[in-house]
Visitor: 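Attaching a single structure in C-alpha cells format; questions to follow.
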Amino acid sequence: MPNGQIADCSTALKETLLEVKDAYYAHPGHACIACAMKNAGVGVGLPDAGRCKIRVENGVAVVYAATSDIGQGCNTVFLQDVAEACGLPLHCIANGECSTENAPDSGTTPGSRQTVVTGEAVRGAAFLLRDAMLDIEAGKSAPAAPVNAHGDGVKIEYDDGRAYQLHTQELVAGQGMHPQNPAAAIKALEGCEFGYVYLEPTDKLGADVPNPKSHICYGFATHVVILDDDGRVSEVYAAHDSGKVVNPISIHGQIEGGVLMGMGYALTEAWPLKDCVPQARYGTLGLFRAPEIPDIHAIYVEKDELLPVAYGGKGIGEIATIPTAPAVQNAYRAFDGKLRPDLPMVDTPYSRVRHRG
C-alpha cells in the first residue's frame with residue numbers, strides 16, 4: 001500500500017479488474033476504466049471502538065448499538081450477524097433504540113466503518129448470547145449478571161480477564177455452532193444481557209514502524225464506463241471488493257446510487273457559489289432523471305479467504321461513487337481524444353442539452 005501497510009488476505013483489486021476486462025475490450029474507443037480504494041474504519045491511530053449490547057426481552061434478542069443508519073442498511077446487517085452467530089430466526093431478533101441514552105456508543109458513521117467495526121461488536125455480543133443458549137440446552141443456569149467481553153480482532157477475553165475460547169471455523173459464515181432449538185433456548189435467558197467491545201489498534205500517520213497499519217482494512221473497486229456512438233453513457237460496469245457481501249440487495253442499491261452520483265459530478269451537476277452561498281435550487285442542480293440512467297451492472301467480488309472479523313464484511317459506502325467520474329473522463333478521452341479537466345465536464349452531449357445554474 002502507499003503507506004507501507006501490507007495488503008491483507010481479502011484484497012481483491014486484481015479480481016475486480018478481471019471482472020470488467022471483457023466489457024472493456026469489447027468497446028474499443030468507447031470505454032475506459034478507473035480504480036479506487038477506500039478505508040474501512042477511522043484508523044490512523046485514533047480510538048475507533050465498536051460497541052454492542054444484546055438484551056433478551058420477551059424472548060427476543062434486542063440489539064443495542066448507538067450508531068447511525070443513514071441508508072446504508074447497517075441495522076439490517078446487525079440482525080443478520082446475530083442470526084448467523086446464534087441460529088435464531090428473524091422473529092427472535094430486533095433492533096433496539098440506537099441512541100447513546102439507551103445503547104453503548106459505537107461511534108459515528110464516517111469511513112465506511114459500521115459493517116466491520118460495529119458489525120464485529122454485534123457478532124461478539126451474539127457469540128456470548130449463543131454460548132449462554134448452548135449452556136441452557138446443556139442443563140446449566142442462565143447467567144445471573146451481565147456477560148461482557150472485548151477483543152481486538154485477534155484476541156478475545158472476558159472483562160474479568162478470562163480467556164474466551166472460539167474455534168477458528170466459527171469466524172466463517174455458515175460454519176458456526178448453534179443451539180438445537182434456538183427459539184426455545186433464548187426464552188430461558190429472559191432479561192439476560194451480553195456486551196462486547198471491539199477495538200482493533202491502528203498506527204498513527206507517520207508512525208516509525210516498518211509496515212504501519214493505518215486502517216483495519218480496505219475495499220477496492222473498478223468501474224468501466226461505456227459510451228454509445230453519440231457520446232452518451234450507455235453502460236457502467238462496477239466491480240467491487242467489499243469482502244463478504246452480507247446484504248446483496250442493499251449493496252446493489254448502494255452501487256447503483258454511487259454510480260449515478262459520480263455521473264452527476266462528471267457530467268451534469270453544477271453547484272455555483274457566490275460568497276460561499278449556493279446559487280442553485282435543488283431542481284436546477286442537474287441531477288440525472290430516470291430516463292437518462294444507463295444500464296448499471298453491479299458486480300460483487302469475494303475472495304475465498306476473507307477477514308476474520310465481521311464475517312469478512314468490509315462495507316462499501318463512499319467507494320461506490322469514487323471511480324465513476326474519472327472513468328467517465330477517461331471514456332471521453334478514448335472517444336474523441338480530448339481531456340476534460342472540469343467538473344461537470346464541458347463539450348459533451350449532456351452539457352449541450354443542459355446548462356443550468
Side-chain angles (χ1 to χ4, degrees), residues 41-42 45-57 59-67 78-79 81-88 92-107 113-114 116-172 175-179 182 185-202 213 216 307-311:
V42 175
L46 298 173
D48 187 26
R51 299 180 178 89
C52 176
K53 176 176 63 180
I54 298 177
R55 183 186 301 128
V56 181
E57 302 173 2
V60 174
V62 182
V63 179
Y64 290 93
T67 62
F78 300 158
L79 300 184
D81 287 334
V82 175
E84 180 65 38
C86 299
L88 285 165
C92 290
I93 315 169
N95 282 305
E97 182 179 340
C98 54
S99 71
T100 50
E101 292 182 352
N102 296 281
D105 186 352
S106 199
R113 63 183 293 279
Q114 295 299 357
V116 58
V117 177
T118 303
E120 175 63 5
V122 171
R123 184 176 71 162
F127 278 145
L128 299 178
L129 169 61
R130 186 276 315 270
D131 292 348
M133 294 164 64
L134 291 171
D135 286 345
I136 291 296
E137 290 194 337
K140 299 180 181 180
S141 300
V147 180
N148 295 295
H150 57 273
D152 62 3
V154 177
K155 180 182 177 182
I156 303 173
E157 64 181 18
Y158 292 99
D159 285 1
D160 62 10
R162 290 178 295 135
Y164 180 82
Q165 301 298 324
L166 186 68
H167 298 293
T168 303
Q169 67 268 21
E170 295 183 73
L171 302 176
V172 180
Q175 297 188 25
M177 180 171 55
H178 299 148
I186 196 172
K187 290 181 180 179
L189 296 171
E190 186 66 29
C192 292
E193 190 174 291
F194 308 86
Y196 191 85
V197 177
Y198 166 61
L199 177 58
E200 186 164 341
T202 56
K213 182 178 180 178
I216 297 169
L307 292 172
V309 298
Y311 289 116

Visitor: Using every non-hydrogen atom in the two residues, find where Cys98 and Ala65 come nearest and quote the distance to one decimal.
Guide: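 Answer, listing the atom of Cys98 first, then Ala65: CB-O, 3.2 Å.
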Visitor: Taking the side chain from Asp48 and the backbone from Val42, do they hold a donor-acceptor pair closer than 3.5 Å?
Guide: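 Present.
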Visitor: Counting C-beta onward and ignoring hydrogens, is there a side-chain heavy-atom pair between Arg123 and Leu171 closer than 4.5 Å?
Guide: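 Yes, their side chains come closer than 4.5 Å.
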Visitor: Work out which heavy atom in Ile54 is nearest to a heavy atom in Val82; give both atom names and the distance.
Guide: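 Closest heavy-atom pair between Ile54 and Val82: CD1-CG2, 4.0 Å.
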Visitor: Going from OH on Tyr164 to CG on Asp159, what distance comes out if it is rounded to the nearest 0.5 angstrom?
Guide: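 Output value for this atom pair is 13.0 Å.
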Visitor: Nearest 0.5 Å please: distance from the NE2 atom of His150 over to the NZ atom of Lys155.
Guide: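 Result: 7.5 Å between the selected atoms.
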Visitor: Which heavy atom in Ala142 sits nearest to a heavy atom in Ala188, and how many Å separate them?
Guide: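 In terms of heavy atoms, the two residues are closest at CB-O, 3.7 Å.
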Visitor: Given the rule in the side chain to side chain contact (heavy atoms under 4.5 Å, CB included) test, do Tyr158 and Val147 qualify, once you have shown the distances and angles that lead to the verdict?
Guide: CA-CA 8 Å; Tyr158 292 99; Val147 180; 3.9 Å; yes
Visitor: Report yes or no: do Thr67 and Thr118 form a side-chain donor-acceptor pair below 3.5 Å?
Guide: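 Thr118 and Thr67 do not have a side-chain donor-acceptor pair below 3.5 Å.
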Visitor: Are Cys86 and Pro182 packed together at the side-chain level, in the sense that at least one heavy-atom pair is separated by less than 4.5 angstrom?
Guide: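 With C-beta onward as the side chain, the pair stays apart.
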Visitor: Give the minimum heavy-atom separation between Gly41 and Val117, together with the two atoms involved.
Guide: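 Of all heavy-atom pairs spanning Gly41 and Val117, the closest is CA-CG2, 4.3 Å.
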Visitor: Return the minimal non-hydrogen interatomic distance between Tyr196 and Ala125, and the atom names on each side.
Guide: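 The pair with the smallest heavy-atom distance is CB-N, 3.4 Å.
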Visitor: Check whether any side-chain heavy atom of Tyr198 lies under 4.5 Å from a side-chain heavy atom of Val122, and answer yes or no.
Guide: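 Not in contact.
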Visitor: Are Glu101 and Ser99 close enough that a side-chain donor and a side-chain acceptor fall under 3.5 Å?
Guide: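 Judged by distance alone, the side chains do not pair up.
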Visitor: What pair of heavy atoms forms the shortest contact from Met177 to Glu170, and how long is it?
Guide: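 Scanning both residues, the minimum pair turns out to be N-OE1, 4.2 Å.
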Visitor: Could you tell me if the side chain of His178 sits less than 4.5 Å from the side chain of Met133, heavy atoms only?
Guide: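 A side-chain contact under 4.5 Å is absent here.
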Visitor: How far does CD1 of Ile186 sit from CG of Leu129, to the nearest 0.5 angstrom?
Guide: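 Spacing of CD1 (Ile186) from CG (Leu129) equals 5.0 Å.
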Visitor: Taking the side chain as everything from C-beta on, heavy atoms only, tell me whether Glu200 gets closer than 4.5 Å to Lys213.
Guide: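 They are in side-chain contact.
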Visitor: Taking atom CD1 of Ile136 and atom CG of Asp131, what is their separation to the nearest 0.5 Å?
Guide: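 It is 12.0 Å, given to the nearest 0.5 Å.
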Visitor: At what distance, to the nearest 0.5 angstrom, does CG of Asp152 lie from CD of Glu120?
Guide: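 These two atoms lie 10.0 Å from each other.
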Visitor: Check whether Thr202 reaches the backbone of Gly45 with its side chain - one donor and one acceptor, N or O, closer than 3.5 Å.
Guide: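 Checked: pair present.
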Visitor: Okay, side chain of Arg51, backbone of Tyr64: is any donor-acceptor separation there less than 3.5 Å?
Guide: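 Such a contact is absent between Arg51 side chain and Tyr64 backbone.
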Visitor: Hey, what do you get for CG (Asn102) to NZ (Lys53), rounding to the nearest 0.5 Å?
Guide: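 One finds 7.5 Å between CG of Asn102 and NZ of Lys53.
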Visitor: Would you find a donor on one side and an acceptor on the other, under 3.5 Å apart, between the side chain of Arg55 and the backbone of Val62?
Guide: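 Side chain of Arg55 to backbone of Val62, a donor-acceptor pair under 3.5 Å: no, none is there.
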